[in-house]
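What follows is a set of notes on a single structure, which appears directly below.
Every chain is numbered from 1 and lettered A, B, ... according to where its sequence line falls, protein lines coming before strand lines.
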Amino acid sequence: MKEFLMVFRVDYKTMPKASPEEMQATTQKWMNWVAGIAAKGNLSDRGNRLMGTGKVFKSDGSISDGPYTEIKESIVGYTLVKATSLEEAAKLANGCPILSFGGNVEIREINVL
Amino acid sequence: MAVPSYRLVAMLRLGKLMFYNHLLWPLHIAGAFNFMQQDELIPHLFRTEYSKIVAVLYHSYCLKEIETAEDIASETFLKATEIWSIKGVPENPIAWLYTVAKNKLKDYFKHNNIFEKQIKGTLRISDIEPEHGFEFSKQNITDSQLAMIFSVCNPSNSTESQICLALQILCGFSVEEIANAFLTKSETVKKRLHRARVNLRNGNFQISTLGEVKIKERLAAVLKTLYLLFNEGYFSKTSSQLIRKDLCLEALRLTFILTENSITNTTETNALLALMCYQSSRLDARTDDNGEVVLLADQDRSLWDQELIDKGNHYLVTAYESNGFSKYHLEATIAYWHTTPTDTNKWDHILQLYNQLLLIEYSPITALNRTFAFAMVHGNEKGIQEAGRLGLNSNSQYYSLLAYLYSDTDMDKSIHYYEQAIKFTKSSNEIQAFTREIKRLSEKKNKS
């Protein structure tokens, strides 16, 4: 089995402001989806969500705030899965809750150092 | 020490195995056994006291070989069978056994005195004088048994060997009984035990040299062995309900001992004990008169043991009182929801808990249970889709789950999957249950 990184991207502006109950329901959807991958024995690391703010360290040594919430495709989280091929790994993204917010999932094979 | 201890064990335990709830909360009241006939009493005492005597002898005297302690304990019981049949049962049989065991140990030291002087090493610590004595006090028994649990649950042995050893040394099971419980040959069990004992001896493990840090390090392995011991009973392949109960209750008793020591009384220990209490509370309801498994939904709730459920609640609350989280917390909480039949969101909670459990540790049975919960929340159709992705094509439980999910909508498919389930199981109980379902579905189909 090879390992793959799933990166979740979405446009923050299209994300609706959610009530605590809706947030809870969304979390449950994520848990269900990740557990579905785990139930197949394909989960490596459930990963995490990422906060909306960030910093960028540049080659000149300067640190700037990342305008991440402005860009169309912000990275909002990641998960590690295992599969026999890139094709199989890509299929695991089926049903990912980010898709219902107009987002997408990028799947990349991990090239172990 | 001529008679091998396992043979004595077999001799003494020919009587029916018994189910005693109070094992957890031992009685030490003189005369409490008056109601028992002698042929019931000795096997009963053997189960409750043999492992205690072995543990105390072994640890109080730092005997080099567990076998020495086992031989003395066995001889004690042999003497009890002889004397009690002539003179009758003494007023306090347990105290009688302890005294005889103590005297036998003194004899052992006397006989070995000369030998010991010439060849050092019979004792690990040679300057111990038996006359200084030890007591079969409640505290000493608990401490010794705790030490024994840690000796036996040695990670250098395979899990199967650890369980075999735990059953023999901590629970007083005979080789035949262990073989019965595992559905294996006595020879296999004997070999396993032999290897495990050699390993223990070579490892030269002594609890007394273990500090708090080391004990905590090994605790996870100990809890895992006890968990597996319990599961061995709960999901046992053997059809004997009595053996199942015995295995479960022994696991319960040993886990209970861990809660009595401040170092081992962790949140994980409490969570595991809660899990065992909840599961055990349904032992009687779980099989019908023919020994067939009754599904949770079909169980007669009046057969659930409320006392054990209350104990489960108590330990679960304790488990959540301080920091620490484990798969035992999740499993115990799932078991808690199963004992709470009225809550409308029950299956939502259970599904979320199974989700979390899968994220901690994958196992086919967790994946299947999670899929069942998923179907209960989202309906059978979605459950079938979810099940189809599991990739467990040689697992009988997988097919029986699919069969169950199809049973309302597509009887042909349901029957087909039960047939597949039969193909992949070796358990006669399961084959019986699946065959019964096929018969039921076929009759239903013919009527419609």
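Among residues 94-113 of chain A, no residue has any heavy atom closer than 4.5 Å to a heavy atom of chain B. Contacts between residues 24-38 of chain A and chain B, counted as heavy-atom pairs separated by less than 4.5 Å, involve A:Gln28, A:Met31, A:Asn32, A:Val34, A:Ala35, A:Gly36, A:Ala38. Interface residues of residues 77-89 of chain A toward chain B, defined by a heavy-atom distance below 4.5 Å: none.
Atoms CG and CZ, from B:Leu359 and A:Arg46 in turn, are 6.0 Å apart once rounded to the nearest 0.5 Å. Atoms NZ and CZ, from A:Lys91 and B:Arg389 in turn, are 12.0 Å apart once rounded to the nearest 0.5 Å.
In terms of non-hydrogen atom pairs under 4.5 Å with chain A, the most contact-rich of B:Gln356, B:Gln352, B:Glu386 is B:Gln352. Per-residue counts of heavy-atom pairs under 4.5 Å with chain A were compared for B:Thr366, B:Leu358, B:Asn355; the largest is that of B:Asn355.
Neither the backbone nor the side chain of B:Leu357 comes within less than 4.5 Å of any heavy atom of chain A.
Across all non-hydrogen atoms, the minimal contact from B:Ala367 to A:Ala39 is CB-O, 3.4 Å.
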Taking only distance into account, with no hydrogens and no angle test, what donor-acceptor pairs under 3.5 Å do side-chain atoms of residues 398-406 of chain B form with protein atoms, sequence neighbours excluded?
unit_1	atom_1	unit_2	atom_2	d
B:Tyr399	OH	B:Asn393	O	2.7
B:Ser400	OG	B:Gln397	O	3.1

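A 6.0 Å sphere centred on NZ of B:Lys346 holds more than 12 heavy atoms belonging to other residues, nucleotides or ligands. The environment of CG in A:Asp60 is crowded: more than 12 heavy-atom neighbours from other residues, nucleotides or ligands sit within 6.0 Å.
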